[in-house]
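Numbering of residues begins at 1 and proceeds along the displayed sequence. Just so it is clear, the values below take in all heavy atoms, side chains as well, and ignore hydrogens, waters and symmetry mates. First listed ligand is number 1; within each ligand, the first listed atom is number 1. Owing to the predicted nature of the structure, the values given are computational and were not obtained by experimental measurement.
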Amino acid sequence: MGPSGEIGGPATSPPLSGSAFPPIAALRKDFVWGVSTSSFQIEGASKEDGRGLSVWDSYCQSGKVANHDTGDTACDHYHRYRDDIALMRRRGVQAYRFSIAWPRVLPMGGGTPNEPGLAFYDRLIDAILAAGIEPWLCLYHWDLPQALDDLGGWTSRDCVCWFADYAAVIAARYGDRVKRFATFNEPSIFTLFGLGFGGKRATASVEALHRGIHHINLAHGAAVDILRERVAGCSIGAIHNCQPCLPAGPDDAAAATWCDAYWNAAFPDPQCLGRYPESIRVKIEPYMRAGDLARINRPVDWFGLNHYSPVFVKAAAAGSVIGFAFGDKPDNVPLTPIGAPIMPEAFKSTLLRVERSYKLPIYVLENGMGSYETPDANGAVIDNDRIAFLRDYIGAMNSAVAAGADVRGYFIWSLLDNFEWDSGYAMRFGLTYIDYKTQRRIPKASFEWYRNLIKASRGA
Ligand code: FCB
């Protein structure tokens, strides 16, 4: 094993049948190939150097995560970030999207910043830059300080000021070195699952959901203004999870349309177009003040898109808070090892829909495949199914580009296997296998494949 924790000699993939790479000729010369992670899913060191608690620390204590897994150690990235950056550098990755743990830099959510927490991200950003990789900093990937949740979290309109103050701390500290900023990761997902279905709270509430949606949109607008004003030459966006919402059965069309408004439009529409979809506007109105839509609709530079697979929607049982639920997938669709439908054509249609709707440069900031893998007898992870998945999805992206979508970058989820929220550590999305007992890093065959794709795409 080398100093980076890699096993001797990289895993190599047996040749795939058919063409190894999708056609990439349509892509721009400056197309960016990257990888993504998030703070809670990889950092660990949950009680070190003054870090405060996040809502995910509390949720893990509730016993609801598979196998009672927690984020306490995760991938120990807090201590091994140099190894992890070396993994990217050796494979020619051009950009790295990570997130800041808000409670690490502001343990109580606001007030005096925690210097050791800020210093960790100084070290991380400096190491990313020294490796010739562009840092893409996401302010919020779901780890809200518990202290703020105790005050009402996103359901309180005060969160707009909390988030703006946090953005100001980040802009002041890192704005000299970081230029790419995302405000929120997948606001539709953490509001639907955290508030709408009541996952992270004792009870679901329509009011909490609609307040949360509106306040997060306002917080986005406030952070865009702060970053724009304080970081010279910055490039800002938000990251949305867009997937087709398809009816699971013949009677589910209305439920699918309803889901689509929450899943795909409740955030991008007000942020990029200055209006809510009508079905949501009527629900938000009680929480809206004069001038709010203008506060939300601040100019952004790009649209961050996360895409996995379509969701199949059914009408919810009577008494449901939100009016739709998730139904069965059709029998005739191939599935990934974790049961997600493999439908690259849905990726293409999503890219074209985003292009038509918002007319912004698009960066795909998450796409990838989950599995339950273990190393083979040689200690290698030969993940040909992930390679095939990536090839087909990148191929679909390229055909969307040929059809007019202005896609400027593609980031794989994820650099490392990591804490997959409610599923804990069993579910693996990484280009790098993590042996959680030893923290050994084993780059999978897909990471070598990605290296070769990047090389080929850059004409190297
Ligand atoms: C996305 C999340 C990311 C990860 C992937 C698999 O929805 O943004 O943190 O969990 O799914």
Looking at ligand 1, does I189 have a heavy atom less than 4.0 Å from it?
-> no

Only one of D435, D84, T432 passes side chain to side chain donor-acceptor pair (under 3.5 Å) with R441; say which it is.
-> D84

Note the single closest protein heavy atom to atom 1 (C) of ligand 1, along with its residue, its atom name and the distance in Å.
-> E366 OE1, 3.0 Å

With sequence neighbours excluded, tell me which residues meet side-chain hydrogen bond (donor to acceptor under 3.5 Å, both in side chains) with D143.
-> S39

What pairs meet the salt bridge (Lys or Arg N to Asp or Glu O under 4.0 Å) rule with one or both residues in residues 355-373, with sequence neighbours excluded?
-> R97-E366, E373-R386, E373-K444

Return yes or no for this condition: an N or O of W421 is under 3.5 Å from an N or O of ligand 1.
-> yes

Per-atom contacts, ligand 1 versus E420 - under 4.0 Å to a heavy atom = 4 (C), 6 (C), 10 (O)

Is the backbone of F389 close enough, under 3.5 Å, to the side chain of D392 for a donor and an acceptor to pair up by distance?
-> no

For ligand 1, which atoms have a heavy atom of Q41 less than 4.0 angstrom away?
-> 3 (C), 4 (C), 9 (O), 10 (O)

Closest to atom 4 (C) of ligand 1 (heavy atoms only, candidates F419, F40, W413) is W413

Given S36 and S414, is the side chain to side chain contact (heavy atoms under 4.5 Å, CB included) satisfied, shown in steps?
-> CA-CA 5 Å; S36 296; S414 178; 5.7 Å; no

Using a strict cut-off of 4.0 Å, indicate which atoms of ligand 1 neighbour a heavy atom of N185.
-> 8 (O)

Scan side-chain atoms only and decide if D417 and Y436 contain a donor-acceptor pair under the 3.5 Å cut-off.
-> no

Which of the atoms in ligand 1, numbered in the order shown and given with their element, are less than 4.0 Å from a heavy-atom of Y308?
-> 1 (C), 5 (C), 6 (C), 11 (O)

When you measure from atom 7 (O) of ligand 1 to every protein heavy atom, which one gives the shortest distance, and what is it?
-> E186 OE1, 2.6 Å

Element-labelled atoms of ligand 1 that are located less than 4.0 Å from some non-hydrogen atom of F429 | 6 (C)

Is there a donor in the side chain of D383 and an acceptor in the side chain of Y433, or the other way round, less than 3.5 Å apart?
-> no

